[in-house]
Protein chains: 2
Amino acid sequence: MATRGRPRNFDRKDALRRAMEVFWTQGFDNASMTDLTRAMQINSPSLYAAFGSKEALFKEAVDLYVRTEGNGIWDQVDTVPTAREAIEHVLRASARAYTRGSESRGCLIVLAAPQMQGANATVCDELKKRRANNVHVLERRLQRAVEEGELSPGTDCRAIATYFATVQHGMSIQARDGASRQTLMSIADCAMATWDKLVQPP
Amino acid sequence: MATRGRPRNFDRKDALRRAMEVFWTQGFDNASMTDLTRAMQINSPSLYAAFGSKEALFKEAVDLYVRTEGNGIWDQVDTVPTAREAIEHVLRASARAYTRGSESRGCLIVLAAPQMQGANATVCDELKKRRANNVHVLERRLQRAVEEGELSPGTDCRAIATYFATVQHGMSIQARDGASRQTLMSIADCAMATWDKLVQPP
DNA sequence: TTATTTTTATATCATTCGTAACAGAAAAGG
DNA sequence: CCTTTTCTGTTACGAATGATATAAAAATAA
(Lines give C-alpha, C1' and ligand atoms only; values in the text may rest on other atoms or scores of the structure.)
Protein backbone atom coordinates (compact mmCIF):
# COMPACT_ATOMS: atom_id res chain seq x y z
CA MET A 1 0.00 0.00 0.00
CA ALA A 2 2.49 2.57 1.15
CA THR A 3 5.20 2.94 -1.46
CA ARG A 4 8.06 0.68 -0.55
CA GLY A 5 11.41 0.33 -2.16
CA ARG A 6 13.25 3.01 -4.03
CA PRO A 7 10.87 5.73 -5.13
CA ARG A 8 10.45 6.43 -8.81
CA ASN A 9 12.67 9.19 -9.98
CA PHE A 10 10.38 10.55 -12.70
CA ASP A 11 6.80 11.67 -13.01
CA ARG A 12 4.85 8.91 -14.70
CA LYS A 13 2.18 11.26 -16.02
CA ASP A 14 4.74 13.61 -17.39
CA ALA A 15 6.68 10.80 -19.06
CA LEU A 16 3.46 9.51 -20.59
CA ARG A 17 2.65 12.93 -21.92
CA ARG A 18 6.04 13.13 -23.57
CA ALA A 19 5.58 9.68 -25.04
CA MET A 20 2.23 10.77 -26.45
CA GLU A 21 3.89 13.69 -28.18
CA VAL A 22 6.42 11.36 -29.77
CA PHE A 23 3.76 8.92 -30.94
CA TRP A 24 1.68 11.81 -32.21
CA THR A 25 4.39 13.25 -34.42
CA GLN A 26 6.13 9.99 -35.36
CA GLY A 27 3.50 7.30 -35.29
CA PHE A 28 3.84 3.96 -33.59
CA ASP A 29 6.39 2.15 -35.71
CA ASN A 30 8.43 5.19 -36.47
CA ALA A 31 8.82 6.05 -32.82
CA SER A 32 11.81 4.00 -31.71
CA MET A 33 12.53 3.10 -28.12
CA THR A 34 15.47 5.46 -28.35
CA ASP A 35 13.18 8.30 -29.40
CA LEU A 36 10.80 7.50 -26.58
CA THR A 37 13.32 7.09 -23.81
CA ARG A 38 15.13 10.25 -24.85
CA ALA A 39 11.91 12.25 -24.85
CA MET A 40 10.75 10.71 -21.60
CA GLN A 41 14.19 11.20 -20.07
CA ILE A 42 14.32 7.70 -18.65
CA ASN A 43 16.10 4.46 -19.53
CA SER A 44 14.32 1.62 -21.20
CA PRO A 45 14.07 -0.62 -18.10
CA SER A 46 12.27 2.20 -16.32
CA LEU A 47 9.91 2.44 -19.24
CA TYR A 48 9.23 -1.28 -19.19
CA ALA A 49 8.78 -1.30 -15.44
CA ALA A 50 6.33 1.59 -15.54
CA PHE A 51 4.39 0.81 -18.72
CA GLY A 52 5.00 -2.84 -19.63
CA SER A 53 5.88 -2.59 -23.28
CA LYS A 54 6.00 -0.23 -26.20
CA GLU A 55 2.55 -1.38 -27.21
CA ALA A 56 1.09 -0.87 -23.76
CA LEU A 57 2.71 2.53 -23.57
CA PHE A 58 1.14 3.42 -26.88
CA LYS A 59 -2.32 2.41 -25.71
CA GLU A 60 -1.97 4.53 -22.61
CA ALA A 61 -0.73 7.37 -24.78
CA VAL A 62 -3.78 7.05 -27.02
CA ASP A 63 -6.04 7.14 -23.97
CA LEU A 64 -4.30 10.25 -22.77
CA TYR A 65 -4.57 11.79 -26.21
CA VAL A 66 -8.29 11.21 -26.32
CA ARG A 67 -8.73 12.57 -22.81
CA THR A 68 -6.68 15.70 -23.39
CA GLU A 69 -6.12 16.75 -27.01
CA GLY A 70 -9.21 15.04 -28.33
CA ASN A 71 -11.27 16.34 -25.47
CA GLY A 72 -13.68 19.05 -26.48
CA ILE A 73 -14.25 17.41 -29.85
CA TRP A 74 -16.67 14.62 -29.06
CA ASP A 75 -17.97 15.40 -25.61
CA GLN A 76 -20.44 18.01 -26.76
CA VAL A 77 -21.99 15.95 -29.52
CA ASP A 78 -24.89 14.84 -27.35
CA THR A 79 -25.32 17.98 -25.30
CA VAL A 80 -25.51 20.57 -28.06
CA PRO A 81 -29.15 21.16 -29.10
CA THR A 82 -29.03 20.25 -32.78
CA ALA A 83 -27.21 17.67 -34.88
CA ARG A 84 -26.09 20.39 -37.18
CA GLU A 85 -24.38 22.28 -34.38
CA ALA A 86 -22.90 19.02 -33.10
CA ILE A 87 -21.25 18.19 -36.38
CA GLU A 88 -20.11 21.70 -37.05
CA HIS A 89 -18.58 21.72 -33.61
CA VAL A 90 -16.75 18.44 -34.26
CA LEU A 91 -15.21 19.79 -37.43
CA ARG A 92 -14.21 23.13 -35.99
CA ALA A 93 -12.89 21.64 -32.76
CA SER A 94 -10.86 19.21 -34.87
CA ALA A 95 -9.40 22.06 -36.85
CA ARG A 96 -8.38 23.63 -33.59
CA ALA A 97 -6.99 20.44 -32.07
CA TYR A 98 -4.97 19.53 -35.15
CA THR A 99 -3.10 22.81 -35.15
CA ARG A 100 -1.17 24.24 -32.28
CA GLY A 101 0.54 27.53 -32.82
CA SER A 102 2.49 27.17 -36.01
CA GLU A 103 2.57 23.39 -35.75
CA SER A 104 0.04 21.28 -37.58
CA ARG A 105 0.02 17.68 -36.53
CA GLY A 106 -3.35 16.27 -37.43
CA CYS A 107 -4.96 13.49 -35.46
CA LEU A 108 -3.01 10.76 -33.71
CA ILE A 109 -5.89 8.34 -34.13
CA VAL A 110 -5.82 8.80 -37.88
CA LEU A 111 -2.11 9.07 -38.51
CA ALA A 112 -0.23 6.97 -35.99
CA ALA A 113 -0.63 3.60 -37.73
CA PRO A 114 -2.09 3.94 -41.19
CA GLN A 115 -0.56 0.81 -42.66
CA MET A 116 -3.03 -1.91 -41.89
CA GLN A 117 -0.59 -4.61 -42.88
CA GLY A 118 2.73 -5.40 -41.33
CA ALA A 119 3.46 -3.42 -38.21
CA ASN A 120 1.60 -4.14 -35.06
CA ALA A 121 -1.82 -5.52 -35.87
CA THR A 122 -3.36 -4.87 -32.47
CA VAL A 123 -2.25 -1.25 -32.58
CA CYS A 124 -3.83 -0.80 -35.99
CA ASP A 125 -7.02 -2.42 -34.78
CA GLU A 126 -7.15 -0.27 -31.70
CA LEU A 127 -7.07 2.91 -33.77
CA LYS A 128 -9.42 1.53 -36.38
CA LYS A 129 -11.97 0.75 -33.70
CA ARG A 130 -11.74 4.25 -32.34
CA ARG A 131 -12.28 5.71 -35.80
CA ALA A 132 -15.26 3.45 -36.34
CA ASN A 133 -16.64 4.47 -33.00
CA ASN A 134 -16.46 8.13 -33.96
CA VAL A 135 -18.55 7.43 -37.03
CA HIS A 136 -21.04 5.66 -34.83
CA VAL A 137 -21.27 8.57 -32.44
CA LEU A 138 -22.13 10.85 -35.34
CA GLU A 139 -24.60 8.38 -36.78
CA ARG A 140 -26.44 7.99 -33.49
CA ARG A 141 -26.58 11.73 -33.08
CA LEU A 142 -28.15 12.07 -36.51
CA GLN A 143 -30.66 9.34 -35.74
CA ARG A 144 -31.61 11.15 -32.58
CA ALA A 145 -32.13 14.29 -34.65
CA VAL A 146 -34.47 12.35 -36.91
CA GLU A 147 -36.42 11.12 -33.93
CA GLU A 148 -36.61 14.63 -32.53
CA GLY A 149 -37.86 16.05 -35.78
CA GLU A 150 -34.79 18.13 -36.59
CA LEU A 151 -34.16 15.95 -39.64
CA SER A 152 -36.74 14.36 -41.87
CA PRO A 153 -37.33 10.62 -41.67
CA GLY A 154 -35.54 8.78 -44.42
CA THR A 155 -32.35 10.74 -43.86
CA ASP A 156 -29.40 8.45 -44.58
CA CYS A 157 -27.71 8.92 -41.24
CA ARG A 158 -24.92 6.47 -41.86
CA ALA A 159 -23.93 8.04 -45.16
CA ILE A 160 -23.90 11.51 -43.70
CA ALA A 161 -21.94 10.40 -40.64
CA THR A 162 -19.38 8.65 -42.85
CA TYR A 163 -19.08 11.70 -45.02
CA PHE A 164 -18.30 14.06 -42.18
CA ALA A 165 -15.89 11.57 -40.62
CA THR A 166 -14.16 11.42 -43.98
CA VAL A 167 -13.74 15.16 -44.04
CA GLN A 168 -12.32 15.02 -40.54
CA HIS A 169 -9.84 12.33 -41.56
CA GLY A 170 -8.82 14.31 -44.60
CA MET A 171 -8.15 17.30 -42.40
CA SER A 172 -5.46 15.27 -40.65
CA ILE A 173 -3.61 14.72 -43.90
CA GLN A 174 -3.92 18.39 -44.74
CA ALA A 175 -2.57 19.27 -41.32
CA ARG A 176 0.42 16.99 -41.84
CA ASP A 177 1.02 18.76 -45.09
CA GLY A 178 1.20 22.03 -43.20
CA ALA A 179 -2.31 23.41 -43.51
CA SER A 180 -2.97 26.25 -41.11
CA ARG A 181 -5.85 26.39 -38.65
CA GLN A 182 -7.49 28.91 -40.93
CA THR A 183 -7.28 26.51 -43.87
CA LEU A 184 -8.78 23.71 -41.82
CA MET A 185 -11.59 26.01 -40.71
CA SER A 186 -12.26 26.85 -44.31
CA ILE A 187 -12.50 23.15 -45.08
CA ALA A 188 -14.98 22.77 -42.24
CA ASP A 189 -17.04 25.61 -43.67
CA CYS A 190 -17.11 24.00 -47.09
CA ALA A 191 -18.17 20.69 -45.59
CA MET A 192 -20.95 22.30 -43.59
CA ALA A 193 -22.23 24.03 -46.72
CA THR A 194 -23.54 20.61 -47.69
CA TRP A 195 -25.87 20.44 -44.77
CA ASP A 196 -29.19 21.72 -46.10
CA LYS A 197 -28.92 19.64 -49.22
CA LEU A 198 -27.84 16.48 -47.41
CA VAL A 199 -30.69 16.50 -44.96
CA GLN A 200 -33.32 17.26 -47.54
CA PRO A 201 -35.84 14.46 -47.93
CA PRO A 202 -34.89 12.46 -51.00
CA MET B 1 24.77 -0.57 -77.07
CA ALA B 2 23.73 -4.11 -77.73
CA THR B 3 23.13 -5.85 -74.43
CA ARG B 4 26.28 -7.54 -73.33
CA GLY B 5 26.89 -9.83 -70.44
CA ARG B 6 24.46 -12.21 -68.85
CA PRO B 7 20.90 -11.21 -69.63
CA ARG B 8 18.55 -10.35 -66.79
CA ASN B 9 16.54 -13.30 -65.66
CA PHE B 10 13.44 -11.39 -64.54
CA ASP B 11 11.12 -8.86 -66.09
CA ARG B 12 12.02 -5.46 -64.69
CA LYS B 13 8.57 -4.02 -65.35
CA ASP B 14 6.91 -6.94 -63.70
CA ALA B 15 9.18 -6.75 -60.67
CA LEU B 16 8.47 -3.04 -60.40
CA ARG B 17 4.76 -3.67 -60.53
CA ARG B 18 5.04 -6.16 -57.69
CA ALA B 19 7.13 -3.71 -55.70
CA MET B 20 4.45 -1.09 -56.22
CA GLU B 21 1.84 -3.43 -54.80
CA VAL B 22 3.96 -3.98 -51.71
CA PHE B 23 4.55 -0.27 -51.19
CA TRP B 24 0.89 0.38 -51.77
CA THR B 25 -0.32 -1.99 -49.08
CA GLN B 26 2.58 -1.58 -46.64
CA GLY B 27 3.94 1.90 -47.13
CA PHE B 28 7.58 2.79 -47.54
CA ASP B 29 9.05 2.09 -44.14
CA ASN B 30 6.89 -0.86 -43.41
CA ALA B 31 7.88 -2.58 -46.61
CA SER B 32 11.07 -4.41 -45.71
CA MET B 33 13.63 -5.55 -48.22
CA THR B 34 12.55 -9.07 -47.40
CA ASP B 35 8.94 -8.23 -48.28
CA LEU B 36 10.04 -6.60 -51.50
CA THR B 37 12.46 -9.25 -52.69
CA ARG B 38 10.00 -12.01 -51.88
CA ALA B 39 7.22 -10.30 -53.83
CA MET B 40 9.53 -9.43 -56.70
CA GLN B 41 10.98 -12.93 -56.67
CA ILE B 42 14.55 -11.71 -56.87
CA ASN B 43 17.45 -11.41 -54.43
CA SER B 44 18.44 -8.11 -52.97
CA PRO B 45 21.62 -7.69 -55.07
CA SER B 46 19.47 -7.97 -58.19
CA LEU B 47 17.16 -5.34 -56.76
CA TYR B 48 20.03 -2.99 -56.08
CA ALA B 49 21.56 -3.60 -59.50
CA ALA B 50 18.29 -2.95 -61.28
CA PHE B 51 16.86 -0.10 -59.21
CA GLY B 52 19.72 1.40 -57.20
CA SER B 53 18.18 1.55 -53.74
CA LYS B 54 14.99 1.06 -51.83
CA GLU B 55 14.30 4.76 -52.14
CA ALA B 56 14.89 4.83 -55.89
CA LEU B 57 12.71 1.76 -56.27
CA PHE B 58 9.98 3.52 -54.34
CA LYS B 59 10.12 6.57 -56.56
CA GLU B 60 9.83 4.43 -59.65
CA ALA B 61 6.96 2.61 -58.02
CA VAL B 62 5.19 5.88 -57.33
CA ASP B 63 5.65 6.91 -60.95
CA LEU B 64 4.20 3.62 -62.07
CA TYR B 65 1.33 4.02 -59.64
CA VAL B 66 0.46 7.42 -60.98
CA ARG B 67 0.69 6.20 -64.57
CA THR B 68 -1.45 3.10 -64.02
CA GLU B 69 -3.69 3.08 -60.97
CA GLY B 70 -3.92 6.83 -60.68
CA ASN B 71 -4.49 7.16 -64.39
CA GLY B 72 -8.04 8.07 -65.24
CA ILE B 73 -8.35 10.22 -62.16
CA TRP B 74 -6.55 13.39 -63.13
CA ASP B 75 -6.17 13.19 -66.88
CA GLN B 76 -9.70 14.26 -67.64
CA VAL B 77 -9.75 17.29 -65.39
CA ASP B 78 -8.93 19.65 -68.22
CA THR B 79 -10.81 17.92 -71.01
CA VAL B 80 -14.20 17.53 -69.40
CA PRO B 81 -16.43 20.54 -70.23
CA THR B 82 -17.24 21.86 -66.75
CA ALA B 83 -15.35 22.17 -63.48
CA ARG B 84 -18.20 20.50 -61.72
CA GLU B 85 -17.94 17.41 -63.90
CA ALA B 86 -14.17 17.45 -63.52
CA ILE B 87 -14.31 17.36 -59.75
CA GLU B 88 -17.11 14.88 -59.61
CA HIS B 89 -15.09 12.69 -61.93
CA VAL B 90 -12.00 12.96 -59.71
CA LEU B 91 -13.95 11.85 -56.66
CA ARG B 92 -15.73 8.99 -58.37
CA ALA B 93 -12.64 7.78 -60.17
CA SER B 94 -10.80 7.86 -56.85
CA ALA B 95 -13.52 5.76 -55.26
CA ARG B 96 -13.04 3.27 -58.05
CA ALA B 97 -9.25 3.29 -57.91
CA TYR B 98 -9.10 2.89 -54.15
CA THR B 99 -11.18 -0.28 -54.20
CA ARG B 100 -10.44 -3.34 -56.24
CA GLY B 101 -12.80 -6.24 -55.90
CA SER B 102 -13.18 -6.83 -52.21
CA GLU B 103 -9.90 -5.10 -51.41
CA SER B 104 -9.84 -1.47 -50.33
CA ARG B 105 -6.41 0.03 -50.31
CA GLY B 106 -6.82 3.76 -50.64
CA CYS B 107 -4.23 5.94 -52.28
CA LEU B 108 -0.52 5.20 -52.23
CA ILE B 109 0.30 8.90 -52.45
CA VAL B 110 -1.69 9.60 -49.31
CA LEU B 111 -0.88 6.54 -47.24
CA ALA B 112 2.62 5.36 -48.04
CA ALA B 113 4.52 7.79 -45.82
CA PRO B 114 2.24 9.77 -43.54
CA GLN B 115 4.75 10.40 -40.79
CA MET B 116 6.48 13.57 -41.78
CA GLN B 117 9.16 13.11 -39.16
CA GLY B 118 11.63 10.29 -38.87
CA ALA B 119 11.56 7.92 -41.80
CA ASN B 120 12.90 8.99 -45.11
CA ALA B 121 12.49 12.73 -45.51
CA THR B 122 12.87 12.78 -49.29
CA VAL B 123 10.20 10.12 -49.67
CA CYS B 124 7.81 12.13 -47.53
CA ASP B 125 8.55 15.26 -49.50
CA GLU B 126 8.05 13.49 -52.80
CA LEU B 127 4.54 12.43 -51.82
CA LYS B 128 3.74 15.74 -50.23
CA LYS B 129 4.64 17.53 -53.43
CA ARG B 130 2.40 15.27 -55.42
CA ARG B 131 -0.49 15.91 -53.07
CA ALA B 132 0.09 19.65 -53.29
CA ASN B 133 0.19 19.40 -57.04
CA ASN B 134 -3.19 17.71 -57.09
CA VAL B 135 -4.69 20.60 -55.17
CA HIS B 136 -3.16 22.96 -57.68
CA VAL B 137 -4.61 21.08 -60.60
CA LEU B 138 -8.07 21.44 -59.08
CA GLU B 139 -7.53 25.08 -58.25
CA ARG B 140 -6.44 25.93 -61.79
CA ARG B 141 -9.42 24.08 -63.19
CA LEU B 142 -11.73 26.12 -61.00
CA GLN B 143 -10.04 29.35 -62.01
CA ARG B 144 -10.53 28.42 -65.63
CA ALA B 145 -14.20 27.85 -64.89
CA VAL B 146 -14.39 31.33 -63.44
CA GLU B 147 -12.79 32.77 -66.55
CA GLU B 148 -15.17 30.83 -68.75
CA GLY B 149 -18.19 32.02 -66.83
CA GLU B 150 -19.16 28.69 -65.38
CA LEU B 151 -18.45 30.04 -61.91
CA SER B 152 -19.01 33.53 -60.66
CA PRO B 153 -16.05 35.83 -60.11
CA GLY B 154 -15.07 35.96 -56.47
CA THR B 155 -15.31 32.22 -56.11
CA ASP B 156 -12.68 31.09 -53.63
CA CYS B 157 -11.01 28.58 -55.91
CA ARG B 158 -8.26 27.63 -53.49
CA ALA B 159 -10.64 26.91 -50.64
CA ILE B 160 -12.87 24.77 -52.83
CA ALA B 161 -9.93 22.89 -54.31
CA THR B 162 -8.53 22.24 -50.85
CA TYR B 163 -11.89 21.05 -49.63
CA PHE B 164 -12.34 18.48 -52.39
CA ALA B 165 -8.75 17.31 -52.03
CA THR B 166 -9.45 16.83 -48.34
CA VAL B 167 -12.43 14.66 -49.11
CA GLN B 168 -10.31 12.63 -51.47
CA HIS B 169 -7.63 12.16 -48.80
CA GLY B 170 -10.22 11.15 -46.27
CA MET B 171 -11.52 8.54 -48.67
CA SER B 172 -8.12 6.84 -48.48
CA ILE B 173 -8.42 6.45 -44.74
CA GLN B 174 -11.94 5.12 -45.12
CA ALA B 175 -10.72 2.64 -47.71
CA ARG B 176 -7.98 1.45 -45.38
CA ASP B 177 -10.65 0.91 -42.77
CA GLY B 178 -12.47 -1.33 -45.20
CA ALA B 179 -15.01 0.99 -46.80
CA SER B 180 -16.56 -0.51 -49.92
CA ARG B 181 -16.64 1.15 -53.31
CA GLN B 182 -20.29 1.88 -52.72
CA THR B 183 -19.50 3.67 -49.48
CA LEU B 184 -16.81 5.75 -51.15
CA MET B 185 -19.23 6.65 -53.92
CA SER B 186 -21.74 7.74 -51.33
CA ILE B 187 -19.07 9.97 -49.79
CA ALA B 188 -18.40 11.46 -53.20
CA ASP B 189 -22.12 12.14 -53.61
CA CYS B 190 -22.28 13.90 -50.27
CA ALA B 191 -19.27 16.01 -51.13
CA MET B 192 -20.73 16.99 -54.48
CA ALA B 193 -23.97 18.02 -52.80
CA THR B 194 -22.02 21.04 -51.62
CA TRP B 195 -21.46 22.30 -55.12
CA ASP B 196 -24.26 24.76 -55.72
CA LYS B 197 -23.79 26.37 -52.37
CA LEU B 198 -20.00 26.57 -52.63
CA VAL B 199 -19.98 28.29 -55.97
CA GLN B 200 -22.67 30.78 -55.06
CA PRO B 201 -21.41 34.34 -55.07
CA PRO B 202 -20.76 35.33 -51.49
C1' DT C 1 19.49 -4.60 8.78
C1' DT C 2 16.29 -6.47 5.60
C1' DA C 3 13.05 -6.27 2.06
C1' DT C 4 11.59 -4.02 -1.89
C1' DT C 5 11.77 -1.31 -5.75
C1' DT C 6 14.10 1.78 -9.09
C1' DT C 7 18.17 3.09 -11.70
C1' DT C 8 22.07 2.40 -14.53
C1' DA C 9 24.56 -0.21 -17.57
C1' DT C 10 25.14 -4.00 -20.38
C1' DA C 11 23.61 -8.11 -22.90
C1' DT C 12 20.66 -10.39 -26.16
C1' DC C 13 18.47 -11.71 -30.13
C1' DA C 14 16.03 -10.51 -34.23
C1' DT C 15 15.77 -7.72 -38.15
C1' DT C 16 17.01 -3.84 -40.74
C1' DC C 17 19.38 -2.20 -45.31
C1' DG C 18 23.03 -2.87 -48.04
C1' DT C 19 27.46 -5.13 -49.99
C1' DA C 20 31.24 -8.34 -51.25
C1' DA C 21 32.65 -12.56 -53.27
C1' DC C 22 32.17 -15.81 -56.45
C1' DA C 23 29.89 -18.74 -59.83
C1' DG C 24 27.14 -18.76 -64.18
C1' DA C 25 25.66 -17.00 -68.68
C1' DA C 26 25.86 -14.53 -72.74
C1' DA C 27 28.24 -11.54 -76.30
C1' DA C 28 32.67 -9.69 -78.48
C1' DG C 29 37.10 -10.46 -80.39
C1' DG C 30 40.55 -13.18 -81.92
C1' DC D 1 36.47 -22.49 -81.20
C1' DC D 2 38.37 -20.47 -77.30
C1' DT D 3 39.33 -16.59 -74.50
C1' DT D 4 38.08 -12.27 -72.62
C1' DT D 5 34.78 -9.01 -71.21
C1' DT D 6 30.64 -7.82 -69.09
C1' DC D 7 26.89 -8.55 -66.96
C1' DT D 8 23.52 -11.32 -63.66
C1' DG D 9 22.30 -14.72 -59.94
C1' DT D 10 23.32 -16.77 -55.46
C1' DT D 11 25.09 -17.11 -51.01
C1' DA D 12 26.78 -15.24 -47.30
C1' DC D 13 27.98 -11.58 -44.59
C1' DG D 14 28.39 -6.83 -42.11
C1' DA D 15 27.24 -2.98 -39.60
C1' DA D 16 23.47 -0.73 -37.50
C1' DT D 17 19.33 -0.58 -35.12
C1' DG D 18 15.12 -2.54 -33.46
C1' DA D 19 12.70 -4.16 -28.86
C1' DT D 20 13.39 -6.44 -24.69
C1' DA D 21 15.84 -8.86 -20.66
C1' DT D 22 19.24 -9.30 -17.02
C1' DA D 23 22.56 -7.94 -13.30
C1' DA D 24 24.42 -5.14 -10.15
C1' DA D 25 24.20 -0.72 -7.70
C1' DA D 26 21.35 2.67 -5.29
C1' DA D 27 17.62 4.32 -2.52
C1' DT D 28 13.99 4.09 0.63
C1' DA D 29 10.39 1.88 4.08
C1' DA D 30 9.70 -1.51 7.53
Side-chain angles (χ1 to χ4, degrees), chain A residues 1-16 18-20 22-23 25-62 112-113 115 117-124 126, chain B residues 1-16 18-19 22-23 25-61 112-113 115 117-124 126:
Chain A
M1 178 152 315
T3 71
R4 299 197 16 185
R6 179 173 178 170
R8 188 176 281 143
N9 206 13
F10 62 94
D11 181 18
R12 195 181 185 280
K13 289 216 156 200
D14 195 53
L16 178 59
R18 290 164 190 260
M20 180 199 77
V22 174
F23 282 130
T25 53
Q26 315 222 152
F28 179 77
D29 284 310
N30 241 319
S32 71
M33 291 303 285
T34 310
D35 294 330
L36 290 165
T37 52
R38 185 166 43 222
M40 299 164 86
Q41 296 179 316
I42 57 176
N43 299 102
S44 65
S46 299
L47 190 156
Y48 278 85
F51 298 99
S53 67
K54 187 186 174 185
E55 192 181 318
L57 173 63
F58 179 75
K59 288 187 179 167
E60 276 200 60
V62 172
Q115 265 70 48
Q117 278 204 23
N120 193 309
T122 77
V123 162
C124 293
E126 162 91 11
Chain B
M1 180 151 313
T3 71
R4 300 199 11 188
R6 178 174 179 170
R8 190 175 281 142
N9 206 15
F10 62 93
D11 182 18
R12 194 182 185 280
K13 289 216 157 200
D14 196 53
L16 179 59
R18 291 163 190 261
V22 174
F23 282 130
T25 52
Q26 315 223 149
F28 179 76
D29 284 310
N30 242 319
S32 70
M33 291 306 283
T34 309
D35 294 329
L36 290 165
T37 52
R38 185 166 43 220
M40 300 164 84
Q41 296 181 316
I42 59 176
N43 301 103
S44 66
S46 300
L47 189 157
Y48 278 86
F51 298 98
S53 67
K54 186 185 174 185
E55 191 180 320
L57 172 64
F58 179 77
K59 287 186 180 168
E60 277 201 58
Q115 265 69 48
Q117 278 205 23
N120 192 309
T122 79
V123 162
C124 292
E126 162 91 11

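Computed from a predicted structure; not experimentally measured.
- B:Arg8 meets the side chain to side chain donor-acceptor pair (under 3.5 Å) test with no other residue; sequence neighbours excluded.
- Distance, A:Asp35 CG to D:dT20 C1': 16 Å, rounded to whole Å.
- C:dT15 atom P lies 17 Å from atom CG of B:Leu36, rounded to whole Å.
- The two atoms that bring A:Ala113 and A:Cys124 nearest to each other are O-SG, 4.0 Å, heavy atoms only.
- Residues of residues 51-61 of chain A having a heavy atom closer than 4.0 Å to DNA chain C: none are found.
- The CG-C1' distance, from B:Leu47 to C:dT19, rounds to 13 Å in whole Å.
- Between B:Phe28 atom CZ and C:dT16 atom P there is a gap of 14 Å when expressed in whole angstrom units.
- Pairs engaging residues 33-43 of chain A under the salt bridge (Lys or Arg N to Asp or Glu O under 4.0 Å) rule: A:Asp35-A:Arg38 [sequence neighbours left out].
- The interatomic distance linking B:Met33 (CE) with C:dT19 (C1') rounds to 11 Å, in whole Å.
- If you measure from atom CG of B:Asn30 to atom P of C:dT15, you get 14 Å, rounded to the nearest angstrom.
- A:Tyr48 places its OH atom 9 Å from the C1' atom of D:dA21, with the value rounded to the nearest Å.
- Taking five base pairs at each end of the helix from C:dT1-D:dA30 to C:dT12-D:dA19, the local helix axes there meet at an angle of 10°, rounded to 10°.
- Counting to the nearest Å, the C1' atom of D:dG18 and the CG atom of A:Asn120 are 14 Å from each other.
- Looking only at side-chain heavy atoms (C-beta outward), B:Phe23 and B:Leu57 come within less than 4.5 Å of each other.
- In this structure, CZ in B:Phe10 is found 6.5 Å from CE in B:Met40, a value given to the nearest 0.5 Å.
- Not counting sequence neighbours, A:Arg6 has no partner by the side-chain contact (heavy atoms from CB on, under 4.5 Å) test.
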Practice prompt. Any chance you could lay out the side chain to side chain contact (heavy atoms under 4.5 Å, CB included) test for A:Asp29 and B:Asp29, step after step, and finish with the verdict?
Written response: CA-CA 9 Å; A:Asp29 284 310; B:Asp29 284 310; over 6 Å; no
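- Applying the side-chain contact (heavy atoms from CB on, under 4.5 Å) rule to B:Asp14 yields the partners B:Asp11, B:Arg17, B:Arg18; only residues at least two apart in sequence or on another chain are considered.
- What you find for A:Leu16 and A:Ala61 is that their closest heavy atoms are CD1-N, 3.8 Å.
- B:Asn43 pairs by the side-chain contact (heavy atoms from CB on, under 4.5 Å) definition with B:Pro45, not counting sequence neighbours.
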Where do N or O atoms of nucleotides 7-13 of chain D meet protein N or O atoms at under 3.5 Å, pair by pair?
unit_1	atom_1	unit_2	atom_2	d
D:dC7	O2	B:Arg6	N	3.1
D:dT8	O4'	B:Arg6	O	3.3
D:dT8	O2	B:Arg6	NH1	3.2
D:dG9	OP1	B:Asn9	N	2.5
D:dG9	OP2	B:Ser46	OG	3.2
D:dG9	O4'	B:Arg6	NH2	3.4
D:dT10	OP2	B:Asn43	OD1	2.5

Which pairs of donor and acceptor atoms, one on a side chain in residues 46-55 of chain A, lie under 3.5 Å apart (sequence neighbours left out)?
unit_1	atom_1	unit_2	atom_2	d
A:Ser53	OG	A:Glu55	N	3.4
A:Ser53	OG	A:Ala56	N	3.1
A:Lys54	NZ	A:Phe28	O	3.0
A:Lys54	NZ	A:Ala31	O	2.8
A:Glu55	OE1	A:Asn120	ND2	2.9
A:Glu55	OE2	A:Thr122	OG1	2.6

